Structure formats: C-alpha cells, structure tokens
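What you are looking at is a predicted structure, and each value in this text was computed from that prediction instead of being measured.
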Amino acid sequence: MNKLLASAATAAALAIAGPALAADIIVVAHGQANDPFWSVVKNGVQKAGEDTGANVEFRSPETFDMVQMSQMIDAAVNQEPDGLVVSIPDADALGPSIQRAVEAGIPVISMNSGSDVAHELGALLHVGQSEYDAGKAAGAKLAEMGGTKGICVNQEVGNVALDLRCEGFADGFGQEVTVIPTMNDPTEVESKVRAALDSDPDVDTVLGLGASLVGEPAVAAVEALGRDDVLIASFDLSAGFLEAVAEGKAAFAIDQQQFLQGYLPVAFLALNAQFGLIPGGDVPSGPNLVTQDAAGQVIDLSAQGIR
C-alpha cells in the first residue's frame, strides 16, 4: 500500500514540478456503462489527466463486447497517441489489436485485467491485482470463518479475470463451490442467489465478483430468506456493500483500488512522453480485504467515487 501511494505521489510531484504535459493518452476499457466500478476507474483517469496536463480520452463499449473493444483499440492506434492504456479481459480477442499498437511504437500499459498476458502482448507493465490470488485469499478467509459450501456469482461471463477469481476462490476455499452465471443486472442476481440458497440449504457462503452489481443483491437475497448463517463477501467496493460489512451483514470486501488502476497508467505514460520515465515492473494495486473494523473508514470515499 505504501509503495502504491509513493508511486502516485511521485508521479504527481514530477508532473507538477515540470511544465504542463501535452501528451495524448487514450484509455480503452471493457467496463460496462452501468457498472459503478468503472466510474471510479474513470475518475482516476480524469484526475491523472488534470494532474499531469495530459489530454486523456476514456472509451469503453456499452456492453461486454470484445469485437467492439478491439475496434476501439484499432481506432486509438490510428490516432497515434503518446500512450495507450487497455484492460485485457480476453487476450485472444484483443491481443492482435494490442500488438498492432506496440508494433506502431505506441507505449502500452495494461490495467485491471490481463496481468497474466500483458507482457507477452508487449505491454510495458500492468497495474492491477492477480485475480486468481485474490480469489484464493478470499476463499481461504471464508473457509477460516466457517464456510463449508459456496457459490461464486459471475455477472460477466466470458471475462477471463472473473473466471480466475472463481477458480482461485474454489482452491482457497477447499470445499464444494458452484459458479452461478448471471447477467449484469442486480435484480437477476438477487433472484439467482435466492434460488441457489433456496434449493440447497447447505450453501452457506456467497462470493460476488462486483460489490454493487452482485454483493448488494446477494445481501438482499440472504436477508429476504432470513438466513443469518450465510457468509457474504464481494470483490470491489460500493458504499452500500461497505455499509453491509460495517453492520455485520457481510464478511468483507476485496479492494483492488481501481482508482489507482485508472490514475497510475495515465501518470506513468504522461511522464514517459515527457521524460522517458517508466517503472521497471508491474504495480500491484491489490488485493486488500476490507473487514468490519475498516469498512466505516472507506464508505465516504466510496460514495465519492475514489474507493
């Protein structure tokens, strides 16, 4: 955590110390428009643009659409920016477009998804967390808390990063885990979680892969069933889910600090464009488990779109 703050502070300090940067940087992310997680990433991108003086554009498809996203990357390459930031939820679909950017001499940094493939595609570095390791840590913690049979609720089927979270969860949990696929719709999530718990009373652990879209509906489903024996955890943060953690209705949230995932790549690429500076390795932005004793401290920051 201290290293991350130091990286951000150094990037901002160097930018402020020098003249305003005129770098053109394009960010292409896979996040859907109705997912609050990505609004925090975008806030980080915009803040880095303000701090460095870079011209930054944030682009993403309206739905989880790898064809459209690859086209967005291709369009960005045609603009010949000074830097390109991408998330990589599907390397097979996006790899050729990312490699075209690298071959064109455009510095690329990946963020959020793609830590396992970023370097082979030519990215300079990755800012994010190991999704498998984060899932494994969550699974081990939930097993330690007494969980014996779990479900992993995946709201974005086809996103390799989310598959890795469920895989890591199963390995860390060490007990039976069933993956429940859903759409990116809180109402459907609540219905499916409730159905899963209704059909199998032995399920006592729920892992969501997004706080607002899955974590909060999972809490609602458990409350509707009156099941106070169910452990609920979720990746990422939302004010609503953090309130549930603070009140003891959920076990913990898994914070990957997505504001930094938006901020740091832009700051690094802006500094690279002006000074030729770039970190020598990947920057792990998480995971950090936010439990009941810490949840209250970050609720306001989550509501502000920072955590």
Side-chain angles (χ1 to χ4, degrees), residues 23-50 54-79 81-101 106-115 117-118 121 123 126-129 131 154-163 165 182-186 209-214 235-238 256-270 285 302 305-307:
D24 293 317
I25 298 168
I26 299 175
V27 180
V28 183
H30 69 271
Q32 300 178 46
N34 69 334
D35 187 343
F37 174 91
W38 287 97
S39 67
V40 178
V41 177
K42 188 175 181 180
N43 288 342
V45 167
Q46 293 174 334
K47 178 61 174 170
E50 293 169 5
N55 302 312
V56 185
E57 290 185 52
F58 183 95
R59 304 171 183 174
S60 64
E62 288 298 318
T63 61
F64 186 76
D65 186 335
M66 292 300 94
V67 173
Q68 186 179 3
M69 187 175 173
S70 66
Q71 292 171 344
M72 287 180 168
I73 295 173
D74 289 336
V77 172
N78 291 337
Q79 290 183 241
D82 296 299
L84 176 65
V85 183
V86 294
S87 59
I88 316 175
D90 187 333
D92 291 337
L94 303 178
S97 295
I98 294 169
Q99 288 173 320
R100 273 194 288 274
I106 299 170
V108 177
I109 292 179
S110 63
M111 56 94 171
N112 182 260
S113 302
S115 60
V117 297
L121 293 177
H126 180 82
V127 179
Q129 68 181 358
E131 303 294 0
N154 187 342
Q155 81 280 8
E156 202 168 73
V157 175
N159 184 338
V160 175
L162 301 195
D163 294 338
R165 290 178 178 181
T182 74
M183 298 296 288
N184 210 336
D185 178 358
L209 304 185
S212 58
L213 297 178
V214 181
F235 277 81
D236 307 323
L237 308 181
S238 71
Q256 61 178 300
Q257 300 183 105
Q258 70 268 34
F259 185 92
L260 287 178
Q261 293 176 9
Y263 186 97
L264 290 178
V266 171
F268 292 153
L269 287 171
S285 64
S302 179
I306 297 172
R307 294 291 298 274

Exercise for review: Indicate the atoms forming the closest heavy-atom contact of V27 with V56, along with that distance.
Suggested key: CG2-CG1, 4.2 Å
Practice item. Walk me through it: do V41 and M111 pass the test side chain to side chain contact (heavy atoms under 4.5 Å, CB included)? Key: CA-CA 10 Å; V41 177; M111 56 94 171; 3.9 Å; yes
Revision key, fill the gap. Between S87 and A29, the two heavy atoms sitting closest are OG-CA, 3.4 Å
Check your understanding: Rounded to the nearest 0.5 Å, how far does CG of N78 lie from CD1 of I73?
Key -> 12.0 Å
Practice item. Could you check if a side-chain atom of F268 sits within less than 4.5 angstrom of a side-chain atom of I109, using non-hydrogen atoms only? Key: yes
Point to revise | S285 vs Q258 side-chain heavy atoms within contact, under 4.5 Å | key: no
Exercise for review: With the side chain counted from C-beta on, respond yes when L94 and P89 share a heavy-atom pair under 4.5 Å apart, and no when they do not.
Suggested key: yes
Check your understanding: Under the salt bridge (charged side-chain N to carboxylate O under 4.0 Å, His left out) test, which residues partner K47, sequence neighbours left out?
Key -> D51
**Study point:** Residues D24 and Q79: side-chain donor-acceptor under 3.5 angstrom
**Key:** no
Point to revise | Gap separating the CG atom of L209 from the CG atom of N159, nearest 0.5 angstrom | key: 9.0 Å
Exercise for review: Fit a plane to each ring of F58 and W38, take the angle between them on a 0 to 90° scale, and name the class: parallel (under 30°), tilted (30 to 60°) or perpendicular (over 60°).
Suggested key: tilted
Review point. Between N112 and Q261, is any side-chain donor less than 3.5 angstrom from a side-chain acceptor?
Key: yes
Point to revise | From CD (Q68) to OG1 (T63), nearest 0.5 Å | key: 6.5 Å
Exercise for review: Assess the side chains of H126 and S110: does a donor N or O sit below 3.5 Å from an acceptor N or O?
Suggested key: yes
Practice item. Could you please spell out the steps behind the side chain to side chain contact (heavy atoms under 4.5 Å, CB included) verdict for V28 and I26? Key: CA-CA 7 Å; V28 183; I26 299 175; 4.0 Å; yes
Exercise for review: Write down the atom of L260, the atom of P265, and the distance for their closest heavy-atom approach.
Suggested key: O-CD, 3.6 Å
Check your understanding: With side chains defined as the heavy atoms from C-beta onward, is the minimum distance between D90 and I88 less than 4.5 Å?
Key -> no
Exercise for review: Evaluate the criterion side chain to side chain contact (heavy atoms under 4.5 Å, CB included) for residue pair M72 and D74; output intermediate values, then yes/no.
Suggested key: CA-CA 5 Å; M72 287 180 168; D74 289 336; over 6 Å; no
**Study point:** Where V40 and I306 come nearest, the two heavy atoms and their spacing
**Key:** CG1-O, 3.7 Å
Revision key, fill the gap. Smallest heavy-atom separation, A93 atom then M66 atom, equals CB-CB, 3.7 Å
Point to revise | Side-chain touch I25/V85, heavy atoms, less than 4.5 angstrom | key: yes
Review point. Below 4.5 Å, heavy atoms only, C-beta onward: do D163 and E131 meet side chain to side chain?
Key: no
Point to revise | Q256: which of D236, V127, L237 passes side chain to side chain contact (heavy atoms under 4.5 Å, CB included) | key: D236
Review point. Looking at P81 and A76, what are the two nearest heavy atoms and their distance?
Key: CD-O, 3.1 Å
Check your understanding: Within 45° of the axis and under 6.0 Å from the centre of the six-membered ring of F235, does NZ or CZ of R165 qualify?
Key -> yes
**Study point:** R307 side chain reached by F259 side chain, heavy atoms, under 4.5 Å
**Key:** no
Check your understanding: Given side chains that start at C-beta, do those of Q129 and Q257 come closer than 4.5 Å, heavy atoms only?
Key -> no
Practice item. Mind checking salt bridge (charged side-chain N to carboxylate O under 4.0 Å, His left out) for D65 and listing every partner two or more places apart, or none if nothing turns up? Key: none
Exercise for review: Show your reasoning for whether side chain to side chain contact (heavy atoms under 4.5 Å, CB included) applies to S97 and V77.
Suggested key: CA-CA 8 Å; S97 295; V77 172; over 6 Å; no
